[in-house]
**Student:** 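Okay, here's the structure, questions in a sec.
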Amino acid sequence: MSVTEAQGQPRVRHLRSAVAAAESDVPVRGRPAAAVLPALRTLVPELPAGSLVSVAGGGSASLAAALVAGASEGGAWCAVVGVPEFGVRSAVGMGADPQRLLLVDDPGRRWAETVAALAEGVGLVLTRAPAPVAPALARRLTSVARRHGCVLVVAGTAWEGTWLRLEVTASVWTGLAQGHGHLRGRRATVAALGRGAGGGRRAALWLPGPDGAVGPDRTAEAPQDGGVRPVRAAPRTAGTTTTEVA
Amino acid sequence: MTADGPVRTMAVWCPDWPVTAAGIDPDTPGAVLSKGRVAACSRAARSTGVRRGQRLRDAQRLCPDLVVHLRDIETEGRLFEPVVEAVTAITPWVEVLRPGLCAFSVRGPARYHGGEKPLRDAVRDAVTALGHACGAGVADGVFAAVLAARTRGEGVVVHPGRTPDFLAPFPVRILERPELADLLGRLGVHTLGAFAALPPGRVAQRFGAEGTAAHRLAGGLDARPPAPAPPATDLTVGASFEPPAERAETVVFQAKALAGQLHAGMAAKGLVCVRFAAEVTWSDGRVLRRLWRHDGALSELAVAERVLWQLTGAPEGAGRTRAGDGGPGTGSGGTRTGDSGTRTRSGGTRTEDGAGEGARGGPGDGLAGKAGASTWDGPGEMAREGSGESAGEDPSDGAGGVVALRLIPDHLVPDNGRQSALWGRADASSRVERAAARVQGMLGHHALVRAVLGGGRGPADGIVRVPMGDLPPPTPAEQGPWPGGVPDPAPSVVPPHPLPAAVLDADGAPVAVDGRAAVSAPPARLGIAGADPVDIDSWAGPWPCVERWWDPASRHRRARLQVTSGPRAYLLVIEDRQWQVEAVYD
């Protein structure tokens, strides 16, 4: 017995670790979860394949583009169904690869079938339903997505069974003044709600930043880090000038 | 005839074909004009001195009652078609050189008709029976055969090997290379015989490739050494159904077998097709034909799947036939709820997970899963249900089943193998391709696109939408500097059609932009598409942008303005005094 134990243990351990490794990425058959942009990982570390994400309200277009960009950057194909105004350049600026982006601007009456067909093939489908979606249909589409390991991102009204809801709760654009400057970026506070976000999380982000990418907004966090504010440098006193006042 | 010499060729020539096609009788003096000069004239006109290339004024001076028509090449080609058909009845491989002149190799047909002279008589009889004058000549090579056909009005047969002698007395301008003929004339070389006698190396040295080709022609050879190309073969495969097939499976299984034949036929020839057309004929005579991209990568199963999608997923849209919906919908009346096999997919199963199953029918699983289960209207039913509309509008105009199925390979190219992109980055995986092809089958080829980014100033400029499966346009990315372009970051909402807007100043008057790109007053309020105006918090611009001023069709003279209003920012553009929201920074 002791002999077999001695021989068997390493093998059992090996098998256990193999099983654990296999189980850890099983939630979906053969497909890894969709990646998320690094800046959004404080809100949600990753989107498990088959999850239903909803973006709504002001800023939803940028959030949707950011989710597409994240999945695309992670190597997945993405599809955009029924969102003809999707800003391709904006998504590309956030990191999406246009080569792996499929656009169906007008699925017409075959919206549900189109979403289902694409969910079988790609890693993330961003869609806006042409009409309110009945819970039964939402369940069916989610089940197709889950079976094939696809993330459904829904713009507009959230469907039943939404796993994660992302919202921009406050935002301000910077760079514009009265008649000069140009838009440089937006500081936004993004809230994540729902099962996928635990009790709800918030993050201050550049959505997008001056280079078009999404990044954390450090200036907004700084005051909460103990109230340390950048101190204005004292003006240097130059010997010749007398008008300067400290 | 030597193995590498020119092929014995017969040319069939209908004299003055442009004139004949214009409806001018050979005995009436008539001419056809092209670019103000005589392109062809009738026999009667020629006897008065009218020649090709003359100006109309000169021709009319020589022949005052000349009937003149403008040249119409399309009609010439169309009217020559019966002649070609008549010749095709004698030998199938006929090459039309131009309207009025065709040629074919005589090797086979001459043996069948018992010699070149009997063949020539048969051809002349066939063409003359149509009421056209005709000359037919046989010689080595097309060039000599054409000359032989035009000799003595009715053509001659030049004996094998005697072609150089036959050609020798012709003047060099018969080569139809005016510059060369002019030069040769000044060098004292006036006939083809004299030209052919020059050493080939010297000709190549002095006259280059074109001179060499002419020299070979003059010597009775082909212009270029023969480069045999595979003859255009018809690899179409088809099957008919007797009695008409009522169920999709029957057709799809047949399609699978046909696809096997198609692939075998192409492989035997070392060819691969870029696309194939699947043509389904219903018993009431309607034909549904759809092109599918093939790229040589479709298995038999994949071809069969595409036929199934074509049967079940005919798009309903303007300009497309509804045969796919109408025909099968009615054909399946009795089978819908009936003998479902392993998995029920008929109309009644919508309760459980119909959306998933219905939509997944094609790509996810092969034919085996659907055997005996899928009915005509599975996905069709789903679509109607899915979009929340009534299912009652299917046109039931009494089509029976499918009577014929044909798979037609399109655009055959040599099979050079397939090279995947390194690391497969830009390559669609097979499941993406399957999903895309399925959507394209439902909505049409152009409904599913990939965006190719080019350069441009506006947010929507330079984004080319290329249907999945098509190659992107050759010059998509013009990444030059775009002065006057909208700076980054790009807007996240770009409506396909800009929304009309009203930009007002603090007094409520519309804001205008003058020729020096200055606003008449600071913009204060913004109304979009007739909605109540909102306050503008900050703004910048206007940035003038004058594009393609040299092209009246696509020129733009406009100015852009960025404004923010609360949490949103807008990109406004003014053109022809009309403001529009070009994009929203949402």
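The chains referred to below are lettered A, B, ... by the order of the sequence lines, with proteins before strands, and numbering in each begins at 1.
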**Student:** Looking at A:R147 and A:E120, is there a salt bridge between them, counting it only when a charged N and a carboxylate O are closer than 4.0 Å?
**Tutor:** no
**Student:** Which bit of A:V80 comes within less than 4.5 Å of chain B, counting heavy atoms only: side chain, backbone, both or neither?
**Tutor:** neither
**Student:** Is a side-chain donor or acceptor of B:T564 paired with a backbone partner of A:W173 at a separation under 3.5 angstrom?
**Tutor:** no
**Student:** Would you call A:R110 and B:L443 a side-chain contact if the rule is heavy atoms closer than 4.5 Å?
**Tutor:** yes
**Student:** As an exercise: rank A:A136, A:A213, A:P130, A:S60 by heavy-atom pairs under 4.5 Å with chain B and give me the winner.
**Tutor:** A:S60
**Student:** Between A:R139, A:R89, A:R184, A:M94, which residue shows the highest count of heavy-atom pairs closer than 4.5 Å to chain B?
**Tutor:** A:R89
**Student:** Can you tell me which of B:A540, B:A451, B:A490, B:P496 forms the most heavy-atom pairs within a distance under 4.5 Å of chain A?
**Tutor:** B:A540
**Student:** Is the shortest side-chain heavy-atom distance between A:W206 and A:T174 below 4.5 Å?
**Tutor:** yes
**Student:** Under 4.5 Å heavy-atom distance to chain B, tell me which part of A:H182 shows up: side chain, backbone, both or neither.
**Tutor:** both
**Student:** Any salt bridge between B:E433 and B:R438, counting N to O under 4.0 Å?
**Tutor:** no
**Student:** Walk me through it: do A:V144 and A:R140 pass the test side chain to side chain contact (heavy atoms under 4.5 Å, CB included)?
**Tutor:** CA-CA 6 Å; A:V144 173; A:R140 280 180 222 154; 5.6 Å; no
**Student:** Using a cut-off of under 4.5 Å on heavy-atom pairs, state which of A:T142, A:V168, A:L103 scores highest against chain B.
**Tutor:** A:L103
**Student:** Taking A:P208, A:G175, A:G212, A:P84 one by one, which has the highest count of heavy-atom pairs under 4.5 Å against chain B?
**Tutor:** A:P84
**Student:** Using the side chain to side chain donor-acceptor pair (under 3.5 Å) rule, take A:R146 and A:S51 through it: C-alpha gap first, then chi angles, then the decisive distance, then the call.
**Tutor:** CA-CA 7 Å; A:R146 191 164 45 240; A:S51 52; over 6 Å; no
**Student:** Taking only distance into account, with no hydrogens and no angle test, what donor-acceptor pairs under 3.5 Å do side-chain atoms of residues 149-161 of chain A form with protein atoms, sequence neighbours excluded?
**Tutor:**
none

**Student:** Could you tell me which portion of A:V104 (side chain, backbone, both or neither) has an atom closer than 4.5 angstrom to a non-hydrogen atom of chain B?
**Tutor:** both
**Student:** Does any backbone or side-chain atom of B:P491 lie under 4.5 Å from a heavy atom of chain A? Answer side chain, backbone, both or neither.
**Tutor:** backbone
**Student:** Do A:R195 and A:T162 pair up side chain to side chain, a donor and an acceptor below 3.5 Å, judged on atom types alone?
**Tutor:** no
**Student:** Donor-acceptor pair, distance only, cut-off 3.5 Å: does the side chain of A:T189 make one with the backbone of A:T169?
**Tutor:** no
**Student:** Non-hydrogen contacts under 4.5 angstrom with chain B: give the residues of residues 64-72 of chain A involved, or none if there are none.
**Tutor:** none
**Student:** Would B:Q562 and B:Y585 satisfy side chain to side chain donor-acceptor pair (under 3.5 Å), going step by step from the backbone distance to the final call?
**Tutor:** CA-CA 10 Å; B:Q562 277 181 336; B:Y585 294 84; 2.9 Å; yes
**Student:** Which bit of B:V486 comes within less than 4.5 Å of chain A, counting heavy atoms only: side chain, backbone, both or neither?
**Tutor:** neither
**Student:** Among B:P487, B:A436, B:P495, who wins on heavy-atom pairs under 4.5 Å with chain A?
**Tutor:** B:P487
